[in-house]
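The structure appears below as structure tokens.
By convention in this document, chain letters (A, B, ...) are assigned in the order of the sequence lines, proteins followed by strands, and residues within each chain are numbered from 1.
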2 protein chains.
Amino acid sequence: MTRSSPASMAEIAAAIGVPARAAILTALFGGGTMMAKELAAEAGVAAPTASLHLARLVDAGLLAVDRRGRIARFRLASPAVAQLLEAMLAVATERAPPSWRGDPALRLARTCYDHLAGQLGVALTETLQASGNLVLGADGGEVTASGAAFLAGFGIDSNQVASGRRRFCRACMDWSERRPHLAGGLGAALAERCFARGWLTRRPDGRAVTVTPVGAEGFAATFGVSVAALRAA
Amino acid sequence: MTRSSPASMAEIAAAIGVPARAAILTALFGGGTMMAKELAAEAGVAAPTASLHLARLVDAGLLAVDRRGRIARFRLASPAVAQLLEAMLAVATERAPPSWRGDPALRLARTCYDHLAGQLGVALTETLQASGNLVLGADGGEVTASGAAFLAGFGIDSNQVASGRRRFCRACMDWSERRPHLAGGLGAALAERCFARGWLTRRPDGRAVTVTPVGAEGFAATFGVSVAALRAA
DNA sequence: CGATCGGTTCGCTCGCAACGGAAGCGATCG
DNA sequence: CGATCGCTTCCGTTGCGAGCGAACCGATCG
């Protein structure tokens, strides 16, 4: 029966369709994991209420939970969920008042689940393509021979990333820039390296990330991306 | 304020998160337009109830309405909404019981907003790429010189499609096949030609489409796609 | 110009679920 | 072993909204 689709769609949407739960998902959209108590604060509700919300989100298949002793850490259940949230933001911005595209800091650089988004994410992706290091196809994408060498120099072993269970390379539409950025295992690896090198730091209060001074230098030297120019644009 | 995102996300999700409204959206996901009365029947509710639901969906920016005299025709507000629904279906199938990927007819061929999806949509897309007629990139895609000639023979003027306001060519992830299919203006044009030639016919009861005998012949002769083989797979 | 038809507004009922307070439970630590 | 902490379960309250029937409104048609 075709009729099963609307039912499960409504179930999923209803699980999101409450300010408290939407706030929880938004907080986790940055890609991290959080304890129930933190999420309760994030959603602005009491602990018992948050507990119910979290149970429902897990039940709906939107969150995964990692219970260790008395503490429970929550995260998005899958990349597909992150894509869903991304799509909702796209619709939200589309219908938003004339020209309000979100917090400038959020537009500049943010995490999208586990990879980079915003102007920085898009710029890095386009630079990699323009330099012939990366070819993004609709069915994924490939790293060229020169690209593998380039990434190796950056600390990423393309073969190892590609051997993972996860989709190697994927284009993810950026809701604020309306252009695609790099996602998938490779996108995650790239983001991870940027954090590990201290080029980027996560902010405790959202998914926007801060580009450090050394990061600004690094992005310019390694990728030819000027963060200052992005900020001015 | 970052805080505006969760609020609008919840608003949008809440607009979908009721069986009746999800059914309405699903019915329109096929890409057509429908009258309020038809949608009421589709959702299984009385006319007044449907009227409220429709008003709310329009208000949430998910539906657009075309009022002409006493009749009101509804359609999805934008391609972004179609992408959102696609993403919800992706999450729904992910969490679905072991291996239930929807109605076989729906998997074989269906419309996704205004282009083709399902095994047929994916197969056509992959054939076009393999034959060097189409190069799908992350930031859209291009029709090669030979591709333009090929499409012209099929009745599609690539230049005219490309000159439209709409994104020419885009990859849309197929929720049942988990592989991308062709979307955007070109995808819509391709689907339109298939219907115009009588290769495909819409079913009144859903978004699944029927491949006619002449269509099966045409897909094999023109694209080298065997519908019978797809059906068997 | 009266009948019909599509759609909306009104008034009402009913049920679900969001929420906080208090208590319970298991894990951890001093 | 007792105190604390993180989380959950169990209450009761409260309010929102989904639903229908009936009446209403405007467009269209005979």
For the side chain of [X] and the backbone of [Y], is there at least one donor-acceptor N/O pair under 3.5 Å apart?
X         : Y         : value
Thr111(A) : Asp114(A) : no
Gln119(A) : Leu230(A) : yes
Glu38(B)  : Met35(B)  : yes
Thr26(B)  : Ala22(B)  : yes
Arg73(A)  : Thr33(A)  : yes
Thr125(A) : Leu182(A) : yes
Arg21(A)  : Ile16(A)  : no
Thr93(A)  : Leu89(A)  : yes

Considering the terminal five base pairs at each end of the helix from dC1(C)-dG30(D) to dG30(C)-dC1(D), what angle separates the two local helix axes, rounded to 10°?
20°
Tell me, please, which residues at least two apart from Ala40(B) pass side chain to side chain contact (heavy atoms under 4.5 Å, CB included).
Ala50(B)
Boundaries of the DNA chain C segment in contact with chain A, non-hydrogen, under 4.0 Å
dA18(C) to dT28(C)
Please report, rounded to the nearest Å, how far the C1' atom of dC7(D) is from the CD1 atom of Ile24(A).
14 Å
Would you mind checking if Arg110(B) and Asp174(B) are paired as a salt bridge, meaning a charged N to carboxylate O distance below 4.0 Å?
yes
Pairs under 3.5 angstrom only: tabulate donor-acceptor contacts from the side chains of residues 77-86 of chain B to other protein residues two or more places apart or in another chain.
| unit_1 | atom_1 | unit_2 | atom_2 | d |
| --- | --- | --- | --- | --- |
| Ser78(B) | OG | Glu94(A) | OE1 | 2.7 |
| Ser78(B) | OG | Glu94(A) | OE2 | 3.3 |
| Ser78(B) | OG | Ala80(B) | N | 3.3 |
| Ser78(B) | OG | Val81(B) | N | 3.4 |
| Glu86(B) | OE2 | Trp175(B) | N | 3.4 |

Any chance you could list the contact pattern along nucleotides 13-20 of chain D? Use B for base contacts, S for sugar-phosphate-only contacts and - for none, protein heavy atoms under 4.0 Å, 5' to 3'.
-----SSB
Within a strict 4.5 Å, meaning less than it, do heavy atoms of the Trp199(B) and Val211(B) side chains meet?
no
Below 4.0 angstrom, which residues in residues 62-71 of chain B have at least one non-hydrogen atom near DNA chain D?
Gly69(B), Arg70(B)
